Amino acid sequence: MIDPDQIRWAILIAMLAMLMMAVFVITFVILYQKRQLAQEKNLREMEKEYQLRLLETALNSEESERKRIAQDLHDDIGTMLSLTKLSLNQLTKIINKDEPQTEYTANKVQSLLEETILHVRRITRELVPTTLKQFGLPTAIDEFVQKLDANHSVSIHFNCIFENIPRQSQKVELTLYRIMQELVNNALKHSNGDEIVVDLHMEMGKIELQVTDNGKGFDAKAMKESKKAGLGLHSIDSRLSVVNGTVSYLTPGTKGCRIRVQVPVELDKESKAEPLHPFRKSA
């Protein structure tokens with residue numbers, strides 16, 4: 001006859017065994033899921049890093065292409081235009097100046113040629129901002145704004161205490177400069193306002209760039225989702241992702257728009273004392 005105590009002990013041992021097995025299975029599943037989550041996280045981080053490197057390579061390639069085009073404009077087109085100007089000057093000396101129409105045409109051609117040379121130089125400087133590399137971000141923005149303010153009916157101002165903005169890494173300075181160009185050009189083309197203000201300052205370990213206009217404003221989210229527009233805004237997001245920056249679009253009043261860009265400070269360790277730009281306006 002089977003002892004009831006033995007049966008109870010057998011059942012108890014079986015239940016303990018099953019419980020231990022269940023605990024083992026649950027522990028194994030939890031550890032397996034944690035491992036899977038860790039692997040997925042690592043893959044996402046690797047994919048994100050790869051995408052950032054790919055984007056940075058694309059941006060570097062874009063800047064290299066800008067430099068190549070600027071060099072071609074300067075060396076080839078610029079040189080040819082200068083030689084053409086010299087030849088035209090020689091030609092105007094030997095043409096019959098007794099005919100007013102001939103002299104007028106020669107002077108007109110010379111004027112157009114000089115204007116074309118100026119445009120080529122301007123395009124070259126915009127493609128490769130030499131002032132940015134030599135004098136730093138505030139001076140480069142100041143030069144850009146001064147030229148636009150002199151050639152547009154829209155009033156453009158730049159607010160910055162130059163001495164408070166130390167030289168940053170080339171990547172940060174170039175990123176902020178290109179974004180500033182994009183935002184100011186967008187305001188000129190689309191805002192329908194008559195005033196643009198660019199602000200640059202440092203705050204709590206970040207460089208903050210603000211571009212404000214008094215135009216009609218726009219819906220940034222709708223712009224980005226549009227298939228026909230918003231490429232410039234996507235470009236800004238792409239550039240900022242490389243330097244861990246952020247952008248926000250604000251409506252300060254009943255009209256207008258303020259775009260705020262923030263980028264962590266990244267000092268240029270190899271920078272020397274900034275030379276004085278010969279055309280900087282005195283404060």
Side-chain angles (χ1 to χ4, degrees), residues 41-64 66-67 128-145 157-187 196-213 220-221 223-224 230-252 257-275 277:
K41 182 179 178 181
N42 290 334
L43 286 174
R44 285 196 299 270
E45 290 178 352
M46 290 175 62
E47 184 178 359
K48 182 180 179 181
E49 184 178 356
Y50 172 76
Q51 292 294 336
L52 285 176
R53 289 183 179 275
L54 195 64
L55 178 58
E56 188 172 359
T57 301
L59 292 174
N60 289 337
S61 298
E62 178 184 335
E63 291 299 327
S64 297
R66 285 173 181 263
K67 291 180 181 178
V128 181
T130 54
T131 301
L132 178 67
K133 183 177 181 180
Q134 186 174 1
F135 298 101
L137 180 62
T139 303
I141 295 177
D142 187 47
E143 183 182 69
F144 178 81
V145 167
H157 307 285
F158 177 48
N159 299 324
C160 176
I161 301 177
F162 286 62
E163 293 74 17
N164 290 352
I165 310 294
R167 291 300 302 265
Q168 301 296 303
S169 67
Q170 183 179 353
K171 181 168 63 175
V172 167
E173 289 192 340
L174 186 59
T175 296
L176 288 171
Y177 184 81
R178 292 300 186 201
I179 290 175
M180 180 276 305
Q181 279 185 309
E182 179 71 29
L183 294 176
V184 172
N185 286 329
N186 281 348
I196 300 172
V197 179
V198 180
D199 294 280
L200 183 71
H201 60 273
M202 283 183 59
E203 185 175 304
M204 299 181 66
K206 292 184 178 181
I207 296 183
E208 184 171 297
L209 170 73
Q210 289 190 31
V211 177
T212 307
D213 66 74
K221 183 178 180 181
M223 259 308 195
K224 290 181 180 181
L231 292 178
L233 301 184
H234 286 300
S235 174
I236 290 173
D237 290 339
S238 298
R239 288 184 179 277
L240 287 174
S241 66
V242 175
V243 292
N244 296 319
T246 59
V247 60
S248 56
Y249 300 88
L250 310 171
T251 303
C257 183
R258 176 181 297 146
I259 298 101
R260 178 184 296 160
V261 175
Q262 291 183 322
V263 173
V265 169
E266 187 177 310
L267 297 177
D268 183 6
K269 298 180 181 179
E270 299 180 359
S271 66
K272 300 179 181 179
E274 179 184 335
H277 191 278

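All residue numbers refer to positions in the sequence shown, counting from 1. Computed from a predicted model, the values in this text were never measured in an experiment.
- With rounding to the nearest 0.5 angstrom, the CG atom of Leu176 is 12.0 Å from the NZ atom of Lys171.
- Remark: Ile236 CD1 to Asn186 CG distance equals 6.5 Å, nearest 0.5 Å.
- More than 12 heavy atoms of other residues, nucleotides or ligands sit less than 6.0 Å from atom CD of Gln262.
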Evaluation steps, side chain to side chain contact (heavy atoms under 4.5 Å, CB included), between Leu200 and Leu137:
CA-CA 9 Å; Leu200 183 71; Leu137 180 62; 4.0 Å; yes
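- Distance OH/Tyr177 to OG1/Thr131: 7.0 Å, rounded to 0.5 Å.
- Checking Val184, Ile196, Val197 one by one against Asp213, the side-chain contact (heavy atoms from CB on, under 4.5 Å) holds for a single residue, Ile196.
- Residues Tyr249 and Ile259 approach most closely at CD2-CG1, 3.4 Å, considering heavy atoms.
- Rounded to the nearest 0.5 angstrom, Leu183 CG and Arg258 CZ are separated by 13.5 Å.
- Annotation for Lys206 and Val265: closest pair N-CG2, 3.8 Å, computed over non-hydrogen atoms.
- Side-chain N or O atoms of Gln168 include one that pairs as donor or acceptor with a backbone N or O of Pro166 at under 3.5 Å.
- By the neighbour-count criterion of 12 heavy atoms within 6.0 Å, atom CD1 of Ile161 is sparsely surrounded, having that number or fewer from other residues, nucleotides or ligands.
- Between Lys133 and Glu173, none of the side-chain N atoms (NZ, or NE/NH1/NH2) sits under 4.0 Å from a carboxylate O, so this pair counts as no salt bridge.
- Residue Leu250 holds its CG atom at 5.5 Å from CZ of Arg260, rounded to the nearest 0.5 Å.
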When you look at Val198 and Leu209, which way does the side chain to side chain contact (heavy atoms under 4.5 Å, CB included) test go after all the steps?
CA-CA 7 Å; Val198 180; Leu209 170 73; 3.8 Å; yes
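- When all heavy atoms of Met180 and Phe144 are compared, the closest pair comes out as SD-CD2, 3.5 Å.
- Taking CD from Glu266 and CD1 from Ile207, the interatomic distance works out to 9.5 Å, rounded to the nearest 0.5 Å.
- Between the side chain of Asp142 and the backbone N or O of Pro138 there is no donor-acceptor pair closer than 3.5 Å.
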Given the rule in the side chain to side chain contact (heavy atoms under 4.5 Å, CB included) test, do Cys160 and Ile165 qualify, once you have shown the distances and angles that lead to the verdict?
CA-CA 8 Å; Cys160 176; Ile165 310 294; 3.8 Å; yes
